[in-house]
Amino acid sequence: MAKSRLELNFVRLLSRCEAMASERRDQGEWRLEKFVRALEEMLASIKKDISKPSPELLIEYCRKVDFLKGLLEAEKLPSPTEKALANQFLAPGRTPTISKERTPVTKTVHLQTQARYTGEMRNELLEKISLSTNSSGDLYPRKRKGSTSDDKQSSTELDAMLQHHHNMQEKLAEEMLRLTQNLKNNTLAAQNVIKQDNQVELQMQRAHILLQ
């Protein structure tokens, strides 16, 4: 079935929004949020249209719009950890929006944001560890007057520095492992919920078609 003019305009705007989401945006950038609201309104009209697309395609449209909405909401969260967790619940599109795409843009955007939030989360953990260490007092022993051996003092300082670095890496690894496990658990739970929702929605769409 040929796409209606409304659906063609929706697809054009959706493709534009996906392209914008794949780019780094300045703080206070408002256009994408405005365009996504327009997508929601157009999608609601498409669902009521006589020449609406198949239930499967409608579900894919909903998935992509919901992904963009969730992406914007995640960006507003206060900490990288919260952003990373919210990002795990997002479900990108499964098929390309336009024919020239090889891979759905939303999948690429999902991977990009995952990498960015993981990097931000790692930096946040490093900063917390550094602040915790500094608040505990002097990190390295200082040279004292009357020391019997400058070489021995330097060796002690080097050992302390290496030990601190090792401890810092261990703490970071433990925290990252804990967060990764939490993300994995949340992802599995989200996938099950999304799968169930999709099945219910597909059944409802098919039932609606049969009743028409």
Side-chain angles (χ1 to χ4, degrees), residues 1-78 80 82-117 120 186-187 189-209 212:
M1 182 185 296
K3 288 182 172 64
S4 66
R5 181 177 295 276
L6 175 61
E7 187 179 354
L8 288 172
N9 290 335
F10 171 84
V11 170
R12 292 192 190 101
L13 183 57
L14 176 60
S15 178
R16 174 60 180 152
C17 288
E18 290 173 343
M20 290 177 67
S22 67
E23 302 167 353
R24 290 301 297 266
R25 299 181 303 283
D26 296 331
Q27 282 283 70
E29 170 60 52
W30 53 268
R31 289 181 302 166
L32 180 57
E33 192 164 356
K34 181 178 180 181
F35 291 163
V36 171
R37 285 199 297 268
L39 282 175
E40 289 185 273
E41 295 173 1
M42 294 172 74
L43 184 57
S45 298
I46 289 174
K47 290 178 179 179
K48 299 175 184 177
D49 195 9
I50 298 176
S51 56
K52 60 186 176 184
S54 66
E56 291 80 4
L57 189 52
L58 270 177
I59 290 173
E60 181 69 2
Y61 287 159
C62 291
R63 179 189 296 271
K64 291 179 178 180
V65 173
D66 287 342
F67 173 82
L68 292 170
K69 283 174 55 183
L71 192 71
L72 291 169
E73 290 170 1
E75 289 178 351
K76 297 176 182 177
L77 294 173
E82 291 175 280
K83 291 178 181 179
L85 287 171
N87 190 69
Q88 288 296 315
F89 283 94
L90 300 181
R94 296 176 178 175
T95 59
T97 300
I98 54 178
S99 58
K100 67 179 182 180
E101 293 176 11
R102 290 186 178 181
T103 303
V105 174
T106 48
K107 283 189 176 182
T108 303
V109 173
H110 197 214
L111 293 174
Q112 288 174 340
T113 51
Q114 268 185 329
R116 185 168 77 249
Y117 293 148
E120 291 177 3
N186 288 333
T187 300
Q191 287 175 345
N192 289 334
V193 171
I194 291 169
K195 184 178 179 180
Q196 292 172 3
D197 288 347
N198 287 343
Q199 289 175 345
V200 171
E201 187 170 356
L202 184 59
Q203 290 173 356
M204 291 178 65
Q205 292 285 351
R206 286 174 175 169
H208 181 69
I209 292 173
Q212 289 182 338

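Numbering of residues begins at 1 and proceeds along the displayed sequence. For clarity, every value in this text was computed on a predicted model and none was experimentally measured.
- Between Ala21 and Leu68, the closest heavy-atom pair is CB-CD2, 4.0 Å.
- Of all heavy-atom pairs spanning Met42 and Asn9, the tightest one is CE-C, 3.5 Å.
- Taking each heavy atom of Pro104 and Pro96 in turn, the nearest pair found is CG-N, 3.8 Å.
- Atom NZ in Lys52 sits 9.5 Å away from atom NZ in Lys47 (nearest 0.5 Å).
- When every heavy atom of Phe35 is checked against every heavy atom of Leu13, the shortest pair comes out as O-CD2, 3.8 Å.
- The side-chain heavy atoms of Val11 and Tyr61, taken from C-beta on, include a pair separated by under 4.5 Å.
- Interatomic distance, Arg94 CZ to Thr106 OG1, rounded to the nearest 0.5 Å: 11.0 Å.
- Residues satisfying the side chain to side chain donor-acceptor pair (under 3.5 Å) criterion with Asn87, sequence neighbours excluded, are Thr113.
- For the pair Pro92 and Arg63, the tightest heavy-atom approach, listed with the atom from each and the gap, is O-CD, 3.1 Å.
- Judged purely by atom type and a 3.5 angstrom limit, Glu7 has no side-chain atom pairing as donor or acceptor with the backbone of Ile46.
- The structure places CG of Leu90 at 9.0 Å from CD of Gln114, a figure rounded to the nearest 0.5 Å.
- Put simply, the side chain of Phe67 does not reach to within 4.5 Å of the side chain of Glu18, judged on heavy atoms.
- Across all their heavy atoms, Glu101 and Ser15 have their closest contact at OE2-OG, 4.4 Å.
- Here the CG atom belonging to Leu57 is positioned 6.0 Å from the NZ atom belonging to Lys3, to the nearest 0.5 angstrom.
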What do the steps show when you test Glu75 against Leu32 for side chain to side chain contact (heavy atoms under 4.5 Å, CB included), and what is the final call? CA-CA 12 Å; Glu75 289 178 351; Leu32 180 57; 6.0 Å; no
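- Atom CD of Glu33 is separated from atom CE of Met20 by 11.0 Å, given to the nearest 0.5 angstrom.
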Step by step, work out the side chain to side chain contact (heavy atoms under 4.5 Å, CB included) result for Arg31 and Arg16. CA-CA 11 Å; Arg31 289 181 302 166; Arg16 174 60 180 152; 4.2 Å; yes
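- The structure places CG of Asp66 at 12.5 Å from CG of Leu71, a figure rounded to the nearest 0.5 Å.
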Go through the steps for Lys64 and Thr95 under the test side chain to side chain contact (heavy atoms under 4.5 Å, CB included), then give the verdict. CA-CA 10 Å; Lys64 291 179 178 180; Thr95 59; 4.1 Å; yes
